[in-house]
Amino acid sequence: MTRHWRSLTALLLLALTLAACTGDSKSELVGKWQATITHKPSGNAVKVLWEFLPDGTFTAAPMEDPGTFVDKDKYEIINDGATIKLRSQLLEGGSTCEVNRSTMTGETEGSVLKFTKL
């Protein structure tokens, strides 16, 4: 009987550890990110504060004035959390970004996007 409980306890601990390690894609994305949007032709860059909310929306604001929202729209997590699809007027209508834990990169026709989690 003791051996049975040890096996059951070990299996339960393994399941909890696996769940903690994998995490939910949305929970890894939720929070504040600094985006650098670089205009391809000119090379000019602007830094924007993005906040991804748990309800599938985001807000964007200037880094120097985070209380003034300049955009609010939706995002979608695709490819098992490896990609995020953004719909934003700041990104010429939208973009997809590759997610790598604390960074994201993407591109539109006229801009290069780099996000860093804060």
Side-chain angles (χ1 to χ4, degrees):
M1 184 82 165
T2 304
R3 196 163 128 184
H4 174 62
W5 282 109
R6 284 185 194 158
S7 297
L8 188 58
T9 303
L11 185 58
L12 181 61
L13 287 174
L14 180 63
L16 291 172
T17 304
L18 182 61
C21 290
T22 57
D24 176 48
S25 298
K26 188 173 278 191
S27 67
E28 290 179 13
L29 184 67
V30 169
K32 294 182 180 183
W33 294 71
Q34 177 179 302
T36 303
I37 304 170
T38 305
H39 187 250
K40 287 180 185 177
S42 69
N44 292 337
V46 61
K47 294 190 185 298
V48 179
L49 176 66
W50 289 66
E51 184 168 7
F52 293 95
L53 305 170
D55 66 356
T57 62
F58 69 85
T59 58
M63 288 298 291
E64 57 279 345
D65 187 10
T68 303
F69 298 128
V70 293
D71 196 8
K72 180 175 179 159
D73 215 319
K74 296 182 180 189
Y75 68 88
E76 179 183 0
I77 298 171
I78 54 178
N79 297 335
D80 295 325
T83 307
I84 180 173
K85 186 175 183 180
L86 298 170
R87 188 172 65 191
S88 171
Q89 64 184 0
L90 298 176
L91 306 177
E92 302 157 17
S95 177
T96 57
C97 295
E98 299 300 314
V99 180
N100 185 4
R101 294 192 186 262
S102 62
T103 62
M104 292 189 287
T105 56
E107 201 168 327
T108 66
E109 192 174 310
S111 301
V112 175
L113 318 166
K114 293 183 181 178
F115 289 82
T116 305
K117 188 152 190 175
L118 300 176

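Sequential numbering from 1 along the given sequence is applied to the chain's residues. All values reported here derive from a predicted model rather than from experimental measurement. Heavy atoms only: backbone and side chains are in, while hydrogens, waters and symmetry mates are out.
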S95 side-chain N/O to E107 backbone N/O, donor-acceptor pair under 3.5 Å: yes
Taking every non-hydrogen atom, the tightest pair across A61 and P66: CB-O, 3.5 Å
Sub-4.5 Å side-chain heavy-atom contact between F58 and L29: no
Pairs satisfying side chain to side chain donor-acceptor pair (under 3.5 Å), at least one member in residues 109-118, at least two apart: E92-S111
Any residue meeting salt bridge (charged side-chain N to carboxylate O under 4.0 Å, His left out) with D71, in chain and number order, not counting sequence neighbours: none
Main-chain N/O of V70 paired with Q89 side-chain donor or acceptor, under 3.5 Å: yes
Over all atoms of both residues, closest heavy-atom pair of G106 and C97: CA-SG, 3.9 Å
OG1 on T108 to CD1 on I37, rounded to 0.5 Å: 8.5 Å
Those residues that, when tested against S102, pass side-chain hydrogen bond (donor to acceptor under 3.5 Å, both in side chains) (two or more places apart): none
Results of side chain to side chain contact (heavy atoms under 4.5 Å, CB included) for S42 - residues two or more places apart only: H39, N44
Pairs where residues 99-118 contributes a residue and the test ring pair (Phe, Tyr, Trp, His ring centres under 6.0 Å) is met, not counting sequence neighbours: W50-F115
Flag if over 12 foreign heavy atoms under 6.0 Å of NZ, K40: yes
T59 versus L53, closest heavy-atom pair with distance: CG2-CD1, 4.5 Å
Pair K74-T57, side-chain donor/acceptor within less than 3.5 Å: no
Distance (rounded to the nearest 0.5 Å) between T96 OG1 and L91 CG: 10.5 Å
Contact check, side chains of T38 and T36, non-hydrogen atoms, under 4.5 Å: yes
Salt bridge (charged side-chain N to carboxylate O under 4.0 Å, His left out) against E98, all qualifying residues, sequence neighbours excluded: none
hydrophobic_cluster_shared for V48 and V30, side chain cutoff 4.5 Å: yes
Hydrophobic cluster membership, L113 vs V46, 4.5 Å side-chain cutoff: yes
side-chain contact (heavy atoms from CB on, under 4.5 Å) partner of M104, the single match among I84, L86, T83: I84
Taking every non-hydrogen atom, the tightest pair across W33 and E28: CZ2-O, 4.1 Å
